[in-house]
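To start, the structure under review is shown below, and the notes come after it.
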Amino acid sequence: MAHPTEHPHIVVHAPALDGSRRVTSGDETLGIATHVDDVGEILRLADLYVTDVEGTDVIEWQGGGPDDWPGLSEHHDA
């Protein structure tokens, strides 16, 4: 049994054409994020409490970091 302080490897995948990013743990898709805040919420719903999704080494950001949401910025600014 894993220790409560241990977290599985979390990956935030490269942005899709619409700018959304898939969040996975191993082979399991946890959700689709459209903003960095979504990543924290997806992890919370999966009972994986990561308080600083932007600064933790538990999350691997592929195709850009937590500030990279191409294609979505114009939707948020409108």
Give the intermediate values and the outcome of side chain to side chain contact (heavy atoms under 4.5 Å, CB included) for residues I10 and V23. CA-CA 7 Å; I10 306 298; V23 180; 4.0 Å; yes
If you round to the nearest 0.5 Å, how far is OG1 of T29 from CZ of R22? 4.5 Å
Nearest atoms (heavy-atom pairs only) where G65 meets R21: O-NH1, 2.9 Å
Among the clusters formed by ILVMFWY side chains lying less than 4.5 Å apart, do V36 and V58 turn up in the same one? yes
Polar contact flag, side-chain donor to acceptor under 3.5 angstrom, H9-S25: no
Side chain to side chain contact (heavy atoms under 4.5 Å, CB included) partner of L30, the single match among V39, T24, L45, L43: L43
What distance separates W61 CH2 from E54 CD, expressed to the nearest 0.5 Å? 7.0 Å
Of I59, D37, D38, the one forming a side chain to side chain contact (heavy atoms under 4.5 Å, CB included) with V53 is I59
Might you work through the side chain to side chain contact (heavy atoms under 4.5 Å, CB included) test for D47 and Y49, ending with a clear yes or no? CA-CA 6 Å; D47 290 329; Y49 295 92; 3.7 Å; yes
Is the closest side-chain donor-acceptor distance between T56 and D52 under 3.5 Å? no
Heavy-atom closest pair (G63 atom, P15 atom, distance to 0.1 Å) is O-CD, 3.6 Å
Parallel under 30°, tilted from 30 to 60°, perpendicular over 60°: which one fits the rings of H35 and W69? parallel
Heavy-atom pair of closest approach, residues T34 and S20: CG2-CB, 4.1 Å
Any side-chain heavy atom of Q62 within less than 4.5 Å of one from V12? no
